[in-house]
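All figures in this text were calculated on a predicted structure; none of them were measured in a lab. Order of appearance sets the numbers: ligands from 1, and atoms from 1 within every ligand.
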Amino acid sequence: MLHPEPVQKVWDPNVIRSDFPLIAGLSGIYLDNAASAQKPRCVMDSMTDGAFTRYANVHRGAHRLSGLATASYEGARARLQSFLNAPGAEQIIFTKSATEAINLVASAFAAIVAPGDEIVVSSLDHHANLVPWHLLRERHGIVLRWVDPDAFGNLDPTAFADAITPRTRLVAVTHMSNVFGVLTPLEAIVRLAHEKGVPVLADGTQAVVHHAIDVSALDVDFYALTGHKLYGPTGIGALYAKPGWLERMPPMLGGGEMVATFGRDHVEYAAAPHKFEAGTPPILEAIGLVAALDYVEGVGRTTIATHEAALGRHARARFAAIPNITVFGDAEKPGPILTFASAGAHANDIAAILDAKGICVRAGAHCTQPLHQMLGFSSTCRASFAMYSTLDEVDALADAVEEALAILK
Ligand SMILES: Cc1ncc(COP(=O)(O)O)c(C=O)c1O
């Protein structure tokens, strides 16, 4: 599943940190990367450069600048195609977020499903890959069939196969939990679902940040991602759809630049991907996303994953020595996300004390209420690492959590 590394650089966290102005200038510690990652300077520079040298609206103008902007925007699509190893650039639709990408598929399935049809979902998933299917339940009478992870957050692919019935129209599942930071067995889920003729949508929002993704090898039908967690700008996400799907799917939004022929009583849509990109798309954000993808591959996907795994292992080792704390997930699979809670202290209070010490973590249910119901905590703390996080920061976190629990006991 791994692409060859385009450039091999010597790993040096200080060099990496100096590429991220906010991180370099921060007096505290940023460990809320699963919510949104900080941006390397090259991302913002590329957007400024795009705005100042080749900006106009895309696909519309008869003039040179529009041609340049269109080339940048379509170039970004081709860049994302290669980043994901998608078979064609036209299989990539730009959206404003992963949330919008998943809703786009849900809106298309609204036209396909009949009352009583089923969609298999997992209680490991983020609300972004649950609420769109709830909307279909409310509005179109579909039935949600739930697959639960085990107590350590592991999903069993055969549970998905068992949940599939002749009425199943789709399996929707995350490729990486935003609570545990561990990859799900997506390849096996896809294989078993396809054996029963059921397509699979994967929420790749977290997975694509930490691992090289090959949508062709995964054979997944839909793959959603968001730019801002991938060190890119906000306001851009993407949907990959396997060849064959987009032709059959109706657009979600109507508007400019998505129509082939227009009549008073008749409209014919443009071919994909333009059919799904009504209105002015995220032009500068696409340029910024390319810079983020180049940066991530330039550092090296394996290099980043190795560093983040070391952070995860160290965090688990340090937290294992803290009394009265529950660390969630599989200790055998330390990921770049560490979620923890204490029966004796509210997660919000722990996070507030950490914040007072300059450490940014997230507290709450992290948009995973079904999972938190299973964990038995309505609120947990989540520390999430990035390529610029360091072992010293993990130590500072562990020390601060220990102090917070001593204060709150
Ligand atoms: C697993 C997962 N899926 C989807 C999303 C939604 O991403 P966005 O808000 O960028 O659409 C998130 C964001 O936290 C996430 O962690």
Side-chain heavy atoms of Leu124 within contact of Val147, under 4.5 Å: no

State, yes or no, whether a side-chain contact exists between Glu403 and Lys357 at a heavy-atom distance under 4.5 Å. yes

Name the residues in contact with ligand 1, where contact means a heavy atom under 4.0 Å away: which are they? Ser97, Ala98, Thr99, His126, Ala128, Asn178, Asp203, Thr205, Gln206, Thr226, His228, Lys229

Check Asp117 with Arg167, please: is the shortest side-chain N to carboxylate O separation under 4.0 Å? yes

When rounded to the nearest 0.5 angstrom, what is the spacing between CZ in Phe385 and NE2 in His307? 9.5 Å

Relative to Trp245, does Arg248 satisfy both conditions: NZ or CZ under 6.0 angstrom from the six-membered ring centre, and within 45 degrees of the ring's axis? yes

Checking side chain to side chain contact (heavy atoms under 4.5 Å, CB included) against Arg145, which of Ile119, Thr165, Val121 comes through? Thr165

